[in-house]
Structure formats: C-alpha cells, structure tokens
Amino acid sequence: MRAADVLQLMAHSLQSNESCAEEELVLSFLQKLLMMNYRARYINVKKNTEEDHTQQRDNISSEDSGDILKAISFSKKGTSQSERIHPMDVQMAVFHCADGFLKQLMVTKLSQCQFALPLLVPDPFTQQIEFPLWTFRQINKSWKKKQTNNETISQTQSIYKAKTPMVFFFRFGSVSSSKSQLMNSLINEKHNTFFHRNCPGSSRTRELIDGVVEIAWFCPSGKNTDKFTDCVAFCNLHGDAGEHEKQLQILTEMSSVNVVLLPELQRNDKSTAIMQKLFTNKKPLICLLTEDDSTVFEMKKWKYKIGLKDRNQSDVSEELRRAINDCLSESSYIFRLPGVSKHLDIRVDEEEDEDCRRGRETAEQMMSLLEKKDLPEIKESFLPHQGKLWHQWSQKNKELHRPQGDETEMDISRKQTEMEKIREQQHKSKISDFMKLFIKEMNLHDEHEKMFFLKWLRILLDEYTSVDLCVIHHKYNEKWSTVLKLKENYDKPDQLKAEQTELERISEELQAATFGLEHIMREIGQIYESCSSVKKNKKDLQVHFSSLLSLAAEMMISGFPLELMDGDAAHVPLIWISAVLDELIQKLGDKRVFVLSVLGIQSSGKSTMLNAMFGLQFAVSAGRCTRGAFMQLVKVSDEMKTQMNFDYILVVDTEGLRALELAGRSTRHHDNELATFVVGLGNLTLINIFGENPAEMQDTLQIVVQAFLRMKKVRLNPSCVFVHQNVSDVTAGEKNMEGKRRLQETLDEMTKLAAKEEVCDAERFSDVIRFDVQNDVKYFAQFWEGSPPMAPPNPNYCENIQELKESIVSHASKSNGMMMKDLKVRIKDLWEALLKERFVFSFRNSLEIAAYRKLETKYSKWSWSLRSAMMETENKLHNKIYNEAIHEVDETDLQIELKETSKVVKKSMSEFFEKDKDKDILIQWKTSFEIKIKELQENIVRETKRKLNEILQQRDLKKKIDAQRTHHENTLFEKSKKLALKLKHKTNDEKTLKKEFDLFWEQSVKKIIRDTPVIKDIDIMRDVREILSDIYGSINVDHWRESSECKDVFSVPSYSDYVQFKKSSGFFTNAIRSAKEKLGYVLPKEDETQIRSLVTDIVQQTDRMIQSFNMSKMGYNISCIQQLTGYIKKRVAEHQDGPVKYVFKIEFFMDLVLSICKRANKTITDQHRLFRESNDPVIYVEKKRGEYYSIFQKYCHGAASAAIFGEMRSNCESLNGNRSNMEKHILKTLAQEKNFEKYMDYIKTPRDHFQSFIRDEVSQYITDKFSVSVLPKMKENIELLQQKIMEAAHESTEHVQKNRGDVGLWLKSFTQKLSDELIFSEKDLSGVKHDDVDDFNLLEDVIKKELPAITSDISKEFKIDVFDEKLDLKFRPDELLIDHFCQCCWVQCPFCTAICTNTIENHDGDHSVPFHRVDGINGWHYTQSQKLCSDICTNLVTSDKTFLVSDNYFPYKEYRTAGGVYAKWSITPDLSELPYWKWFVCRFKKDLENRFNKTFEGQGKIPDEWRKLTKQDAIDCLDKYL
C-alpha cells in the first residue's frame, strides 16, 4: 500500500460515518488518522443482521418470559466479544502492508494524535523483530522545563535525537489489571495514549499486537501540575513478556526504570528467574502485584512494590508516579531511539531498504558540505542565484512596471538593459558543489530512491537549522513583546523606533537562517531563469538547463509543494513557474484542476488545516511559517473524477496576512498584493479567521473584500468560504447565528470601505461575490483537546475539517476549474497586473482574450457557412432568372433556402457555447453573437433579394437586345442558306467557299452595325474631370490638374493643407484665424484622426456603391460617377457642418473624388469590358459560333469560384484563419519587401492595404497552384456539368417518347432541366428548328457525341493570364474573400494607429488591440516640440505625461476623459509591445523623419537596445505573439 494511493481524494474520504463495513475498515482507519482524528481507533463494524446492540429472544417461551434467571442464562448464547476485529490489529495490519513512506506518514499522524508508536514490531509470519527507525524521523516534540531559579526553558527536538529517561512496562502471565490503562493515567489520564482492554471496540482476541513494543513520550508544560518535570519516554510491551524474550531483553537493558505487572510468582516459573535477575540488578524496578493490596513499599534501594488488588486506580497511579520520579532522580540511564538499532538480531528498516540507505548516504554527503558554516552564510555561498542578484532583478522588474512620472522609452530600455546585465551576472555565478550534487542525484535515480533522498535531505536540513532557529525565534519573541509594550506607551517614540529597527534586523536574521528544500528548489528555479534569459547553458551545469524542469515537475507529481511566490523577494519567478507547468502538462497531459487558495492571519492554522484535510506537506511549525505562496497537487481518484469533472485539486497556501516576520515593515500593500494574487488564482478561496478578536478580523476582512472587489471589476468570479477557527463553543446554534450576522455586517462595512478605495459602487458583500452566509461560513472548534503539549487534536475539529472538505467538493463539483495551460496564463496575467500596482486598470485577462479570439474564428466559419449557402442559392436563382424560369424573388423563399444551413449553424453555436472548455467565459457573449448571426442572416437575405431583383430588371431590359440579336441571327441564317444553295456545286473547292463566305459575312455584319449603335470604350477619369468642371465651373480643372498633380488623399502625411479655420464673429477668434492662416494651420492630432476616419468610411461606402452598379450586366454610364460624386459631396458637407473647428477647401473634395475614382478605375473598366463582350453586336456576331463555349465558361467560372475560394481558405496560409492571422502575413511581407511607402499605405489606409494583399495572394495562388489545384477544380466542375447535360438529354428523350411529343417538347424539357445549372433557353437552340430536325433521338446522340469534344476545347481555353479577366465581379474569389475578411472593425488607435482586432463591425464594448505600436509611426510628437514620440501607448498610459486635444491637455493615465474616439479604446498598461515596430522605427527612421518633418531626438530618442533587433527578430516575434 502506497502513500500516494491514500493521499488522493477518494469518495471514501468524504464519508464521516462512525461505523463501516468490515472490508472498509482499513480505509476508514487511514482517512480518520490522516485527519488526526484519534477516534480512528474506535470505528465500529456494521453488523449484517438487523440486530444492532441486543440479541433477539426468539427462543424464550411466553411463560418463561417473566423468569429473570432463565433470561440471564439465555443471554450467554449472544455473540461473544471475541468475534470483533481488534482495532490495534487494524492499525498493525496497515503498518505491515504499507510502504516506507506510508508507514512514516502513519506514525507521524499517530504521534500527532498523541498515540503510542510502534517501536519493535515482530513479523507476523517469521517473528523477525523490526525496529522502524525511519518512521520516527519526521516527529518533533516540544516541552517546557522549569529550572531551579523558576525560569522556564522551551525545547523542540526531533524525537529520534532526544535523550530522555525511559520507563519500561511489561507483564508476566495474565493479569486482571490493565497495564496500558495504568500507563495512560501517568501520561494523560484524559486520553488513551496506549490502547487498552476497556477502550471502545476492544476484543479479547488479537492477532497482530502481541509482541509489539510501543513507545510514547510525556512532555511537560513547565507548570507545577506536571506529573514529571522533564521529558520521559514510556515503553509498553504488549502480551506476556515471558513469550517475547528478545523484546524484554532489549528494553530492560535500555530502560531507566522497569515496571512489571505480576500475578503471584511461583518458585520454578521461568518468569521468576527473570524477575530475580532484575531484582539483583542495580537498575530501578517497580513491581505491581495484582494479588496484593498493600500500598507502595520500598523493598530495597530502587526496588519498589505496589499492590493493585481492590485499590483505587488514582491512588495507585499517584504512588507509581512518585516511585518513578524517585527512581528517575537517581538513575543515570539515558534512552535514545537510534540506540535500539545496535542490538543484534533486529532488523532496522533504514538499513534493510537499499533505496532508503542510498538516499541517506547522498543526503549526508550533501550535508557534509555545509559543515562548520554559519547559517546566515550558507545561502549566500551555496545558493548565490537567489541572493542579492535575484532580489535586485525583482526590484528592477517592479520599477520597470511602475514607471515614475515622465519616463521615456530610453528609461524603460535602460532598465531592461540593467535587468539583462543582472541576469548575465546571475548566469556567471558558479553553481555550488552542494547544488551540483543535488542536481546530479535527482537526475541519476529512479522515483523511489529519489523520494527517499528528498525526505532525508529535508529531515537533515531541519535538524541542521533547528537549534539556531530556536535561538533566533526566542530573541525575536522577546523583542516583539518589548515593541508591543512600547506601543502602549506613547511617550517613548525614539525608543520604540530603535526597538522596531532591531526587530527588523532580527527578522532578516531569521530569514537568512531559514534553509530548507524550498530554498534549494528556488535556486534551481533561478539557475533555470538565468539560463533561459541569456539563452545558453551554464558551463558548470552538468545537464542541459531544460532538464531542471523535469526535476521540479516530478517533485510536484510526487506530492512536494512548489514555491509559487518567493516570499523573500516578494516576487513570482514567472519564467520558471510557466516552464514547470508546461513540463507538468507534458508529463500528465493538460489536466483540469480546481484551484483552492487559503488566506488568513499568520499562525491562524491555515497550513495545519490543509495538512489535516488533504494530508499535505506544508511546513507548520512556528519556526517554519509559510513564506510567500506554495502550490501542491492533490490527485482526484478515478471514481471521483466523474463526480467532480477535474483531475487534481491545486492547493495554494500563503504566508499569513500581517505576517509576524513583516511586522516591522509597511505590510498593507504586501497583504493586498498577496490577497489579490491568491484570490484571483483560486476557484475557491478559504478565508481563515482565528479567534474572536474583532479588530484582527476587521483588518483581514478589508484586505479580502478589496481583493474580491478587484476580481469583480476584471470579470473573474471566484467563490469563498470563511473558516472561523478556535471558536469556544461551536455547538451553540444561537451564538453561531449571532456570529454570522456580525460577520455579514462587518463584510458589508468593509465592502463600502473597499469600494471607496477601488472607486466603484458596492453596498453589500453580496454585490461583490455570490455569498451565502448560512452555508459559506464554517465554525471550527479549538484544535487541541486540552492543553498542549500532551493534548491530542480535538475530534470536533477533525469533524469540522470533514464538513469543510465536503463543502469544498460541493463547490468544486459546480465549477469547471481550469486547464493547466489556462492556470499558467492566469498566473501570468495576475502577476503582471499586480506588478503595475493599478490592478484593475492593468489586468489583462488573457484567457478571456483567447476565448474571444476563438469565438471570432468560429463566427467567421458560421458567417461563411451562411454566405456560401446563399451564394449557391444566388447562382441557382441567377440562372433561373435568365432562363425565365422565375419572374420574382421573395425574401421568404430565400429564407427557406437558407433554413437547413441556418439550423446547422445554430446547432454548432449551441454546442460551442455549451461544450467548449471555456464555456464559462464564453457565456457572456452568447446573446450578442446569436443576435449578430441573426442580423447577418437577415442582411444576407436582404442583399441577395436586392441583387436578384436587379438581375430581373436587367433581364427585362436585355429582352430588347435579344430581340435584335434573334433578328440578326435569322437574317444571317437565311442568307447563309441561300448562299450555300447557290454554291452547292462548288463544295469541293474549299478556297472558293471560304472567300464567298467571308465576303457574305462582311456585308452582313456592316448592315448589322449600321442598324445597331456600337458600345464604345470608356475613359472614367475624363468623365470625372467633366463632372468636377460642371460643379466648379469657375475653375479650369484641366489646367489646375496640370499645374499641380492630383494628391493621393489616402497617403498624404497631413490634412492641414486641405482645411481652414471656420469663420467666427468674434474679433479675437478672427485674429487667431488670420494669424494661423498666415503661419500655416497645423491640424491637431485628433482632427487628423477624424478626417482619416471620414475618408476610410467614404471609401468603404463608395466601394459598395460601385459593386451595386453591376456594370458587367448593365454597362458603364457617366451617371455612376455622378452618383459617387454626389455621395462624396454630401458626406464632406455633413462632416464640416458638425462640431469641428475647420472647413474643407475645394481641393479636398476634388482630390478625394479623383483618388477614389482613380482607385476604382480598373474595376469599372474591367466590368465594362465584360458588358461590351456580351452585348456589342459586332463582337457578338463575330463569336456566334463560340456562343455555347461562353455559356459553359460563364457557368464553370461561377460554380468553381466558391470551391476555389474554399480551397484557398484551407490551403493558403495567409487566408486561413481570421484577420489577425492575415495581418501577421501582411507584416511579414512588408518586412521582406522593405518598401516604406507600402508601410505607410498599410498604416494610414489598412483596409485598402488588406484588400490589395488579398487580391495579390489570390492572384499568386492561382498562378502557383493553377495546374495542381485551380485547373483540376475547373475540370471537375466541367465533367460534373457534362454529366448533368447527358442526363438532361436522356431524360428529355424519355419524356418526349412517353408523351408522344415533338422536337419542341424535347427542347423545352431539356432547357428546363438545365435551368439551375446554365443560363440556357430554347432560343439558344433555335437553329435546330431551322434545320427541320424532327428526330429527337438524333439530338441526344449528337449531344453525346459532340459534348466531350466541346468540353475538352473549353478546358483548353482555361489559361492563367486570362483566368480572372473572364470572371464576373461577383464570382471573383478575391472579391468573395474581401467581402468575408473586411467586414470587421477598422477603427485605429488614436495614438499609434494600431487596428482594433475585433472581427465584428460595429461591435459592442471598447476597441482594443493586443500590441500597440510606437506612436511616432503616426507622426505623433511631443507637445510644443518637433520631436517624434518614441513611446508606446501601453507605457504612456502609466506615465504622468499629457496630450493635447482641442487646446485642452489630458493626462495619458486618464486618456478616456478626452472623450470621442479616446473614450472608446481600452489600452491596458503593460510591457508586451511588439519588437516588430521597434525594428521598423530603427529601419525607417530617416523616412519617418522626412515624412513628418520631425526627428527622433531629445525625449523621443530611440533606445540603443532597439537597434540590436534584426529583421529576422521582427519576423520571428510575429509568430511568437500574433
């Protein structure tokens, strides 16, 4: 049986029954023992029958029922006591079956329960005696000894080292009095230290306890009531000593006093010979005679006899105590536990277990390196990595995150450089031989041997430091008492200050002298962090530094706590902790954990409570209070996993609030920091309140309430349970109700105070956190049942622990906990926010951000599902409209078409929000996203209806053109027929035929051109100039344009030249305006941002207008430009009529119109070309023979676009994912190209740049993948179409045969069947009727024969160079992708122009971006200077600097108060800027300075550290962070 099996959280551990089934006895015993409940020995076994405590009297006849004698005689037939399992047999059975670690744990817990411990244990099969010395190694005993001068001396010692007198009790034969009970009366008459015959559950038969020697120690309290003045060991041999000679011999030799219980001695008895020998020995002997009733009598010196028969137990006990004291006062025999192992024929567990022996040898080898060293020096010389350098780095890191006043990027960079240098120094520090040996041993051995080594090292380190710590603690306590007294006397402030300084010095001495396993692990953590920071291994490190992670992770899995927050440096070693958690995930998988945090005043019993609840190993002695925070894993058993939905409980234990060690310092901030950290980390926080002192409670509660208030403000939702310890009477219901009412009032009061400090509204504690005062407040009894050091733990306390454990499991079963990788992120977020002091302002919930990004990606898929489904419907209905199969489009029909896809999307959404691992975070956005999807669906339907109705109108307009076309076709057909008849005899002369036909064709086409106006080429920019001339007739536009080339409005560095001050009636204002106009008006930054937003929005809307003109079907008309110009003019007028201080010059409007039209020129020209090709009679007639080809081409291009689009999304890395992913690829491309103008295009007009990038990517994809991906997809669609045409022909033939129809019916059926697939009608096959074809079977055969050749020809026409030109705008993959990716938020940060990363247009909440840029990129400069700003927004918002908006200054710390766009941005202060933009500023410094006519100097000087960044660093960081 292993300790690990017992220490996991099992269903059995939640049962608190006093009785159990026989097969559950072992587990019940262990669970109670681990909780230090001494009732573990008194568990009843449930009976199988209905009879509980009495036997049924079935056999007594009714007439005998009144006879008492018969009733009594019958009762002898009842179940005998001997059938019960003896409790000590249960204990010894567990002991025999346990491994070394469980044995040690078990014996340690028995000691804590003040029970006697197994000293000599015979093997039940071989009778070989074992001395389990290993099990005593973790036991410490404390006692107080009164000196002759009445001074009390306190002592704490490891029990295996204690030198004490020992009293040995044994018996011969069977005696009537209980030896164990008599011993209990000497040690603690209120507690059964030794189990005896009168204890509950005892039975006459016992299998495993006889021959066992148990030992217990009496520890005095330094009071006059103590039965013994010094620590005394008592040994008890169970069973008849005559049958256990070896045990008797060892103990009588080692004892100081022998006490024997005897019946009457017979002259020839074996026992008489032994007694004779003991009587003649010099060693004191006390004989307790069971058949003698005399009082104490000294037979000779140190030889006493006391009668037991018919005597009062108390009298006997008192006589015996006096006799023992008399003997001890003269006896010189001293007992030490290790001395037992010197006896022959005894098996010592430590020596027999090879792993234990080797573990000890290695630990001793390590300890030998510490010899002759003063404790304060040890850490400095043996653990250099965690000393001054680590403390300096921690301090610098805090300074870095807490900038003072007007710090610049240069200051930040300087601090970062200093931190790097400290890390380099740390890396150069030598690893001590002590640490080398530790790392070597941890990497050499298997898990079992490693565990022994760690246990031994811990034991030996505690032993090494205990003496010095005791002395320092004594000094500290004395000084603490002095300080407290002086605090009461207000008239000695100078003396108080001096004593507090001395207390501080002793506190530091105390910390220097503390040296444990946690310090060794801290050193390993710092070795790892230094190597990780400088990215190379240490020369004197025998293994690669990454292997140190495995060492720490394995220790955690084995149940050792890991330091989460270094208490000495008050810092979280984030690099180390994150890496260890990653390693844990590697070893265990990404397990789900429930985090249980504990908070409370120091020495309030937090660690003791956790140890009792989960059997953990947190240090609990007064000399070793938890410093900082530690975390430890508790495994959940497989049976409990189903109930609790997680794999581990992660327990986080903390140093006490207002900790004793920190009493000389300002502790408020430290306490708030610690409380906020562990409350934010925990799914449930236990708040431990000790005693009933309202002042202490109030202080603790204010800190705790403030921590919970902060969590609420950053949308973290932990829960809490208050544990009120050391309550005098936990059973008093009324008192508890009053206590709860008082606690509720205090919490509400503290909430109001904390709300003021945190600047928020909260009246009651329940406003802050879900809290039920009835169920979430637990009252704990006093821990000790009596007065220490001999008092056992109070069983009521253990029951309270059990209730709390059940409550925790109940809370846990309702929580989802968190995944280990999420825990790692939460630790990082909390710590980084705490580093910046303004927690709520600084907290950045990475888990929430990641969950929202995941939701955005899902939203992208859902929206694409709806869009692609509607595209298919649109294509189908588009064909039907042109085939005249439908004459109107209704919204209801479109909704029906979308119904199935909508159902799938809704189901997918529902599953995502209900089943995703982050469902608790995602739930806050569920409603808004459901509304967004609904609105999107409605918009798609509305837009599709509008498009299709436009197509209906176009179809009707085209009928006239079609009528003309049919007339031309018929004319050509008839004339060609006549010509053919005329040339009938010349059919063999190919040349003549060709010549005649060409002549005929030329004449016919001339006539058609004469009858029909030709569609001309267009010149859009000419039309734009004409319209602008009409609007501004007084200006010669052409001349103006020649003298000053049109500016590209999208890329101008400033709009200052385009605006002028609004006129005002005030003299003063007019004077300022005149002055500014003369000097040159410089637009404030916020005005620049406003104008840029206006331009971006106008461009977006005009793009949509151009698409809606549908020029590929309707052709281009100058009215399109007129509409665009009218819209732009309206928007410009609306803007300048608003609350702005400027108006636009005419040049702004003209340049804006020209820039937009220039930008749209290619799109409009391409679309018009498509219209001309379809509708110009000359072109049409010329390609009449290829008409079916074009029909096929149009279909194939349209149907394949969606498929190619889907494939591009999957296979093209830059198009696969959300917009953030695309942005990463854009930035990489820009870095590779190093084109400054392209960069500025991206920075100033990101939406346009994204669109260009998509078009380039699509074009590149088609070029690169044409033969392997695009062409096969096209051919696949052609083959599918060919198959459908064949099927339609065959089905039409069958239909005509069945209905006895003619060719007309065949044609009608054939075209109807293809109306979804092709724009194709009967008139397209009118030639069939001209040729008087009447055999429709022939038609089917012709199609079967000719179609493959035609499709083959079409396939050959697919070429890369003309592929995209042949596509209708609405079918182009790049346009589909632009529509899909660019319908999101494009709002830019008003300081640095970073684009809001929300993928939803007009989204709720603030705009945000994970990484801001250097503000100078946007031309942002320091007020009243020509120096470009080298700061980053996230640093600026922590500084005392200000910025100017509309002639008013606003502090960056309160940037939202500037209103407008500033109020809508969330900029969290952090140091997580992207190195990419630092590289960009260095690379294009000159270009930026030239563009903005300002310099990066003075305040804006670029830090030297930035110049070290390479292009590769910039590109690599994109993969790391984006």
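All residue numbers refer to positions in the sequence shown, counting from 1. Just so it is clear, the structure is predicted and the values come from calculations on it, not from any experiment.
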Legend entry - Verdict with reasoning, His811 to Asn683, per side chain to side chain contact (heavy atoms under 4.5 Å, CB included): CA-CA 9 Å; His811 272 278; Asn683 298 110; over 6 Å; no
Legend entry - Salt bridge present between Lys828 and Glu832 (N-O < 4.0 angstrom): yes
Inset, instruction - Establish, from distance only, whether the side-chain atoms of Arg1247 and Thr1096 form a donor-acceptor pair under 3.5 Å. - result: no
Inset, instruction - Before giving the answer on side chain to side chain contact (heavy atoms under 4.5 Å, CB included), spell out for Phe594 and Met644 the whole-Å C-alpha distance, their side-chain angles and the decisive distance to 0.1 Å. - result: CA-CA 9 Å; Phe594 178 81; Met644 297 178 76; over 6 Å; no
Legend entry - Pairing of Lys945 and Asp890 as salt bridge, 4.0 angstrom limit: no
Contacts table for residues 927-942: side-chain donor-acceptor under 3.5 angstrom, sequence neighbours left out:
{"from": "Ser928", "atom 1": "OG", "to": "Trp925", "atom 2": "O", "distance (Å)": "3.0"}
{"from": "Glu930", "atom 1": "OE2", "to": "Lys926", "atom 2": "NZ", "distance (Å)": "2.9"}
{"from": "Gln937", "atom 1": "OE1", "to": "Ser902", "atom 2": "OG", "distance (Å)": "3.1"}
{"from": "Gln937", "atom 1": "NE2", "to": "Ser902", "atom 2": "OG", "distance (Å)": "3.3"}
{"from": "Asn939", "atom 1": "OD1", "to": "Arg942", "atom 2": "NH2", "distance (Å)": "2.4"}
{"from": "Asn939", "atom 1": "ND2", "to": "Glu935", "atom 2": "O", "distance (Å)": "3.3"}

Inset, instruction - Flag the pair Thr1089 / Gln1388 as yes when at least one side-chain heavy-atom distance between them is below 4.5 Å, and no otherwise. - result: no
Legend entry - Neighbour count >12 (heavy atoms, 6.0 Å) for atom CZ, Arg1104: yes
Legend entry - Heavy atoms of other groups near Lys854 NZ, more than 12 under 6.0 Å: yes
Inset, instruction - With the side chain counted from C-beta on, respond yes when Phe913 and Leu855 share a heavy-atom pair under 4.5 Å apart, and no when they do not. - result: yes
Inset, instruction - Answer yes when Asp1406 and Arg1456 have at least one side-chain N-carboxylate O distance shorter than 4.0 Å, and no when they do not. - result: yes
Inset, instruction - Measure the spacing between CE of Met1105 and CD1 of Ile1098 and express it to the nearest 0.5 Å. - result: 11.0 Å
Inset, instruction - Tell me, please, which residues at least two apart from Lys824 pass salt bridge (Lys or Arg N to Asp or Glu O under 4.0 Å). - result: Asp582
Inset, instruction - Take atom CD of Glu911 as the centre, draw a 6.0 Å sphere, and report whether it contains more than 12 heavy atoms from other residues, nucleotides or ligands. - result: yes
Legend entry - Arg867: partners by salt bridge (Lys or Arg N to Asp or Glu O under 4.0 Å), with sequence neighbours left out: Asp1379
Inset, instruction - Look at the aromatic rings of Trp1477 and Tyr1242 and report parallel, tilted or perpendicular, splitting at 30° and 60°. - result: parallel
Inset, instruction - For Thr1393 and Cys1389, indicate whether the former's side chain and the latter's backbone hold a donor-acceptor pair under 3.5 Å. - result: no
Inset, instruction - Could you tell me whether Lys1162 and Asp1166 have a side-chain N and a carboxylate O separated by less than 4.0 Å? - result: yes
Legend entry - Side-chain heavy-atom pair Leu1518, His1225 within 4.5 angstrom cut-off: no
Inset, instruction - Measure the shortest side-chain to side-chain distance between Asn1398 and His1407 over non-hydrogen atoms and say whether it is less than 4.5 angstrom. - result: no
Inset, instruction - Compare all side-chain heavy atoms of Pro1410 with those of Thr1397 and state whether any distance is below 4.5 angstrom. - result: yes
Legend entry - Salt bridge present between Lys1228 and Asp1519 (N-O < 4.0 angstrom): yes
Inset, instruction - Drop me the distance from Arg1092's CZ to Asn1418's CG, to the nearest 0.5 angstrom. - result: 7.5 Å
Inset, instruction - Measure the shortest side-chain to side-chain distance between Ile1243 and Arg1413 over non-hydrogen atoms and say whether it is less than 4.5 angstrom. - result: yes
Inset, instruction - Starting from the C-alpha separation in whole Å, work towards a yes-or-no answer on side chain to side chain contact (heavy atoms under 4.5 Å, CB included) for Leu877 and Leu894. - result: CA-CA 10 Å; Leu877 293 177; Leu894 293 174; 3.6 Å; yes
Legend entry - Aromatic ring proximity Phe1391/Tyr1462, centre distance under 6.0 Å: yes
Legend entry - All side chain to side chain contact (heavy atoms under 4.5 Å, CB included) counterparts of Asp647, not counting sequence neighbours: Lys591, Arg592, Lys641
Inset, instruction - Report yes if some heavy atom in the side chain of Val1409 is under 4.5 Å from a heavy atom in the side chain of Trp1465; otherwise report no. - result: yes
Inset, instruction - Check Asp590 against Met820 and note the closest heavy-atom contact, atom names and distance. - result: OD1-N, 3.0 Å
Legend entry - Residue list, side chain to side chain contact (heavy atoms under 4.5 Å, CB included) with Asp1248, at least two apart or on another chain: Phe1050, Val1099, Arg1159, Thr1245, Gln1251
Inset, instruction - Not counting sequence neighbours, which residues clear side chain to side chain contact (heavy atoms under 4.5 Å, CB included) with Glu1134? List them please. - result: Lys1130, Arg1131
